[in-house]
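Ligands are counted one by one from 1 in listed order, and the atoms in each one are counted from 1 as well. All of these numbers come straight from a predicted model, not from anything done at the bench.
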Amino acid sequence: MSKQLALANVRQYLSDGHFEDDLRRRVAIRSESQDPDQAPELARYLHEEIEPVLIRMGFACRALENPNGAGPLLFASRHEGDDLPTLLTYGHGDVVLGYDEQWQQGLSPWTLTREGERWYGRGTADNKGQHSINLAALEQVIKAREGRLGFNVKVLFETGEERGSPGLREVCTEHRELLAADVFIASDGPRLNDSRPTIFLGSRGSALFSLEVRARDKGLHSGNWGGVMVNPAVVLSNALASLVDQHGRIRCRGLVPSSIPGPVREAVKDLGIDRHSLGRSLDEHWGEPGLTLGERLFAWNTVEILTFTAGNPAKPVNAIPPSALAHCQLRFVVGTDWQHLESILRQHLDAEGFQQVEIKIDRCTPATRLDPDNPWVRFAKDSIGRTTPRKIAILPNLAGTLPNDIFADVLGLPTLWIPHSYPGCSQHAPDEHMLEPVILEGLEIMTALFWDLGSVDCRKNNNK
Ligand SMILES: [Zn+2]
C-alpha cells in the first residue's frame, strides 16, 4: 500500500465524521484537572478513550505511578524491532476549567459544536483535538502498511498539565530507561498563524521573582513625615527602573543572553514577523534596540512587572506606605544564566544602591531549544514540505513556556512540536475551538510524517 492511500484514508476518516465522533466523546469528559471533584474523570479519559485506541493499534499499556499523588499517567509502547528508530510522543488528557456560563449562547464546553470552520469545545485546541489527530494518523499508517509502522513508538499521557504537570519530572527521571527514544514529536500550543504549518523546537523559560521593600509596620502621615522618612514605593519603583528602562530594554545585562546563534537568527528571519503579522499591531519602539521584532519575541529575554502594590490602591490615603511589593517575570532563551538569577539581581541592585530591596525567587522553568539545523528538524521539514505547498514556520522556541526541558534535558531527546491549533483558538478561555482546515492539514501532515518516519529512505537522506 502507499502513502497516497494512507492520506486518502485519513481524509475519509475526517469527511465520514469519525474524527468528529472521537473528539465529541473526548470533549464530553469533564477532565478539569483544576477541579478536585473531577479527579475520576482524569482516569476515565485515559482508560475509556486513550487506552482502547492504543490497544487496538497493538500497544502494551501500563499506568505509571505519579509520586505526587496528582493526576494519573499512562505509558504505552509498540515495539517492532531493536534496529528501528523509536519515537516518543506525548499528550495531556486534562483541560482547564470549563467556565460553562461564559460561553457564547448555544455553546457548551462539553458539547462539540461545529459552526462554519470552527469546532467548539473545551480541549479541542488544548490538547484533546491535537492528540486525537496524532493518534488517528498513527492508526492510518499502521493500516496502510498492513500492521507495521517501520518504527517503534512510546506514548506518554499525563492528566495534570493544566496544573503545571505535577510529578511529570519525577516520573520521567525515574523511568528514563523506559522512556528512552531517538526523537520526541508531539503537538500542543498554537501554530505561528492559521495558515503556516509550524514546528517549534523548544520554549523560552520563565523565572518568577518578587522584589520587596519593607520599611516599617504601619503607614505614616505623608504631611507629618514626608521628606524625612523613606517611601518604600518610591524606592521600589526606582529599583525596578534600574532593571528595565522606559522602552522595555533590560538594563541589568546579566539577565540577557550573550548572543543570538546564527541558525536561530536565520530561522527567526524566515518567520517574517512584521508589525502586523501577529494580528495586533506591535509596539516597534519597545524592547531591545538593534533587534528585529521577531528576534525580540523569540530570541531574546524580557523582564515584565506583573503586579506592583503599595498601600491600598482601592482606597488611597495620604500616607507613606509601609512597604511595596512587585511580582516580576524573566522570560528567557537558552544561553541565559538563570540559575544565578538571585545573585545577578543582588549584585545589580547593590551596585545601584538598592541594598534594602529584598529578592525572592519563585518558580523557574528552564528554556529549551533544539538547533534548527538538527537532522530531525530537516526530516520533519522535508516531510511536511512534501505534504503541503504552504511555507513552514520553524520556531527555534515558542515565545511562551512549556516544561519541555523534561523531554529535552531529563530524557535527552531532540524535541519537535507540531501544533494543530492557532493563536485565535481561545485556549484557556470560553469559546475554545479548532479550525477544520487546520484539522485536515494536521491529519495529512502527521500521517505523511509517520509514513516517512517508517520509510528507511526518508530517514537515511535526513539523518546521515
Ligand atoms: Zn493548556
> If we ignore angles and hydrogens, is there a donor and acceptor under 3.5 Å between the side chains of Tyr13 and Glu139?
Replying inline: no
>> For His247 and Asp245, which I'm curious about, is there any donor-acceptor pair between the side chains at under 3.5 Å?
In response: no
> Do NZ/NE/NH1/NH2 and the carboxylate oxygens of Asp270 and Lys391 come within less than 4.0 Å?
Replying inline: yes
>> Does Glu65, at its CD atom, have more than 12 non-hydrogen atoms belonging to other residues, nucleotides or ligands within less than 6.0 Å?
In response: no
> Going by atom types only, do Asn134 and His420 share a side-chain donor-acceptor pair under 3.5 Å?
Replying inline: yes
> Taking atom NE2 of His340 as the centre, does the number of heavy atoms from other residues, nucleotides or ligands within less than 6.0 Å exceed 12?
Replying inline: no
> How many protein N, O or S atoms are found at a distance of less than 2.8 Å from the Zn ion (ligand 1)?
Replying inline: 4
